[in-house]
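Nothing here was measured: the structure is a model prediction, and the numbers come from that model. Atoms within each ligand, like the ligands themselves, are counted from 1 in listed order.
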Amino acid sequence: MLTFGHNMLKSFRMNVFSVSQIRDWDAFTIAHEPIHSIDLMERASSAFVRWFCARFDDRCPVIVFCGMGNNGGDGLAISRMLLQKCYNVRTCVVKHSPKGSADFSRNLERLESLTAIEWIETAADIPTLLSPPIVIDALLGSGLSRPAEGLMAEVIQRINDAQTPVISVDIAAGLFADMPNAPSDSIIKPTHTVAFQCPKLAFFQPQCAEFVGEWDIVSIGLSEKYELQTPTSYFYTDAAIIEPFTKARKKYSHKGSFGHALLIGGSYGKIGSIVLSAKACLRSGAGLLTVQAPQCGYDIIQTSIPEAMVLPDWHWRINTAVPNIEPYSAIGIGPGMGQDPQTLLMLRELLTLLTSPIVLDADALNLLSKHPDMLTILPKNSILTPHPKELQRLLGQSWKDDYEKLTLLRDFSQKYQLIVCLKGAHTAVALPDGSIHFNSTGNPGMATGGSGDVLTGIITGLLAQGMHPTDAAVFGVFQHGKAGDRAAQKCTQPALIASDIINEMRW
Ligand SMILES: NC(=O)C1=CN([C@@H]2O[C@H](COP(=O)(O)OP(=O)(O)OC[C@H]3O[C@@H](n4cnc5c(N)ncnc54)[C@H](OP(=O)(O)O)[C@@H]3O)[C@@H](O)[C@H]2O)[C@@H](O)CC1
Ligand SMILES: [K+]
C-alpha cells in the first residue's frame, strides 16, 4: 500500500465568514491598516464599479436603489463614480430610518453636490421601471437584522416585477447572509451579486439560488492577518487549489509509482456505471487499475477499457466475491453495484478487512443506509459521495432547510470520522474536523446519469496515487466540476453526457 500524502488543503482555501466575523474583519482592517471607514467604503465601491464597467457600457441607463446603512452608502458612492464616468444614473434612497449611518451621510453629501437624489418615503414615490434600466440594489446588505417589510418590501417587490437586470451590492436586499429566511420574506432576486472580499454562506444554499443569481467576489483589501488568524468551519475551493496538486511527473517514474486502484461495481444492465468510473480513474492518473465486476461485464469492460484489468466475479449478474485487497493502494466501490443480499455480504466482509480509507458511492451507500452498523467499521477518512437523497437515507432523516442540512452533514461526518461529499451545485465536502468545503466548479449540465460514477473514479484514482483523503475529496470534486465546465463549453449543458466529463479531464 502507498502511504497517504500530507493534507495540503490548509494553505489553499478561501474562508467563508459569518456576518459578525465580516463585521470584525472590517473593523480590524480599519484599525490595523489603518484606514478610515469612509475610505474603505470608497475602496469597496470602486471595486464594484470596476466590475460593473467591465460588463455594462455607459449607454445603459442605471438606477441605484439605496438604503440608509453602509450598503446604501456603497450605493451612493457607486452612483457618484458612475456619474463621473458619464453613465446616465438615477439615485433613489428609501427612507426606512430617520437617520443614515455616518458613512452613508458622508456619501450623501458628496453625491448631492453632483446630482439630485430621489427620496422614496411612500409607495407613491417608487419610480416606475418601464423602459428597463439596469438596477443596482444597495438597499440592504449584510447588516440585515430582520426581514424587509412595509415600504422596503414594496420597493423589493417592484424591482423583482420589472424585467430588468438587477445587480446586488454585496448581497441581495432582504437575504440573510448566514441563516434561513422564511419562505414569505421579501428578497431581491438579482441576476448578479457582487460580493465584497468573500462569499456568504447563503450563496451555497440551493434554497437561496434565486436570491443570489450569478455571483462574483471582488477584493476590497481586507486584512490578510485577520483572515489567517480567524477560525471558521466554512471554506470555498477556487482555482487556487490547482497549482499545489499539479506537479510534473518525475522523469524516471513508472506505472508502479502511481498506485494500483481497485474499483468494484456494476451489475447486469448497469455495467456502464463502472466503465465510467474506471475510465475516470485512469484519467485521474492512477498507474494501474483493476475492475471487479460480474461475469456479464467481462467482455464489455475488456473491450471498452483495454487499459484496465478485470477481475470477473464468478456470478454472472452481480458482485459477490471478496477480493484480495493486498495489491491495491485504494479501493472505490458502489457504482451500478445493486443491492443484492450476496453483494451486501461481500461489502460487509470487505469492510472488516480494510485498514485504509475507501471510496463509497451509489449502491454501496444505499446498503450502508439499510445497515448503519457498517458505518462504524469504515476506516477513518473513508470518502462517501452521496447526492441529497442518498444523504437523507444515510442520516435516516430529512431536514427543514439547507442550513439544517449542513449541520446534519457535519454531525454525521464527525460522528463517524468520514469525509462526505454532498453532490450538487457547490458540492459540499464535509471533513471529520468539522470543516465544510464548498466547490466552485461544475454546472447544471452535469446533472446527468453517470456524472457521479465519474467522480467516484476520480477520487479513487487520486487516493491510489497517495493523495491524502481530504485532498483527494476536495481536489477531486474541483477537477470533476472543472472538466464538466470545459465539456459544457464545448457541447452545451443539455448535450453534456458523463463521458464528455472524462474526455475533458486535464491535470
Ligand atoms: N464588511 C465590509 O468589509 C464592508 C462592508 N461594506 C458595506 O456595508 C454593508 C453592511 O452595512 P451595515 O452593517 O450598515 O448594514 P446594511 O445592510 O447597510 O443595513 C443596516 C441598516 O439597515 C437597517 N435594517 C436592517 N434590517 C432592515 C430591514 N429589514 N428593513 C429596514 N431596515 C433594516 C439597520 O437598522 P437597525 O437594524 O439598526 O434597525 C441599519 O440601519 C455591507 O453589506 C457592505 O455593502 C463596505 O462599505 C465596506 C466594507
Ligand atoms: K444589497
(message) At under 4.0 Å between heavy atoms, is it the side chain or the backbone of D170 that contacts ligand 1, or both, or neither?
(response)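 Answer for D170: side chain.
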(request) Answer side chain, backbone, both or neither: which part of H96 comes under 4.0 Å from ligand 1, heavy atoms only. (result)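 Side chain only; the backbone of H96 stays clear of ligand 1.
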(message) Taking N, O or S atoms only and a limit of 3.4 Å, check whether D137 reaches the K ion (ligand 2).
(response) yes
(message) Restricting to N/O/S atoms, is N71 within less than 3.4 Å of the K ion (ligand 2) or not?
(response) yes
Heavy atom to [atom], shortest distance: which of [options] holds it?
atom                    : options          : answer
atom 2 (C) of ligand 1  : I156, D26, I38   : D26
atom 33 (C) of ligand 1 : I171, L139, L140 : L140
atom 12 (P) of ligand 1 : V194, N70, I30   : N70

For [atom], what is the nearest protein heavy atom, given as residue, atom name and distance?
atom                    : answer
atom 44 (C) of ligand 1 : D74 OD2, 3.2 Å
atom 13 (O) of ligand 1 : G143 CA, 3.7 Å
atom 18 (O) of ligand 1 : N71 N, 2.8 Å

(message) Please check whether G141 reaches ligand 1 - meaning an N/O of the residue sits under 3.5 Å from an N/O of the ligand, judged on distance alone.
(response)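 Among all N and O atoms of G141, at least one is under 3.5 Å from an N or O of ligand 1.
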(message) Taking distance alone, with N or O pairs closer than 3.5 Å, would you say E149 contacts ligand 1?
(response)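 Min N/O separation from ligand 1 is not below 3.5 Å for E149.
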(request) For R410, check side-chain hydrogen bond (donor to acceptor under 3.5 Å, both in side chains) against everything at least two apart and list the hits. (result)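 By the side-chain hydrogen bond (donor to acceptor under 3.5 Å, both in side chains) rule, R410 matches S233, Y234.
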Output the list of atoms in ligand 1 that are nearer than 4.0 Å to some heavy atom of [X], sorted by atom number.
X    : result
G69  : 14 (O), 18 (O), 21 (C)
I220 : 3 (O), 49 (C)
L144 : 17 (O), 25 (C), 26 (N), 29 (N)
A148 : 29 (N)

(request) Give, rounded to 10 degrees, the angle between O (V169) and O (I171) as seen from the K ion (ligand 2). (result)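 Between O of V169 and O of I171, at the K ion (ligand 2), the angle is about 70°.
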(request) Can you spot which of L431, L394, N381, L375 makes a side chain to side chain contact (heavy atoms under 4.5 Å, CB included) with L418? (result) L375
(message) Would you call the rings of F17 and W25 parallel, tilted or perpendicular, taking 30° and 60° as the class edges?
(response) perpendicular
(request) Examine ligand 1 and decide if any of its atoms is less than 4.0 Å from a heavy atom belonging to P147. (result) yes
(request) Take every heavy atom of M68, measure it against each atom of ligand 1, and state whether any distance is under 4.0 Å. (result)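 In this structure, M68 fails to qualify as a contact of ligand 1 - no heavy atom is under 4.0 Å.
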(message) Take a 6.0 Å sphere around NZ of K482 and say whether it holds more than 12 heavy atoms from other residues, nucleotides or ligands.
(response) no
(message) With no hydrogens and no angle check, just 3.5 Å: does a side-chain donor-acceptor pair link S37 and D103?
(response) yes
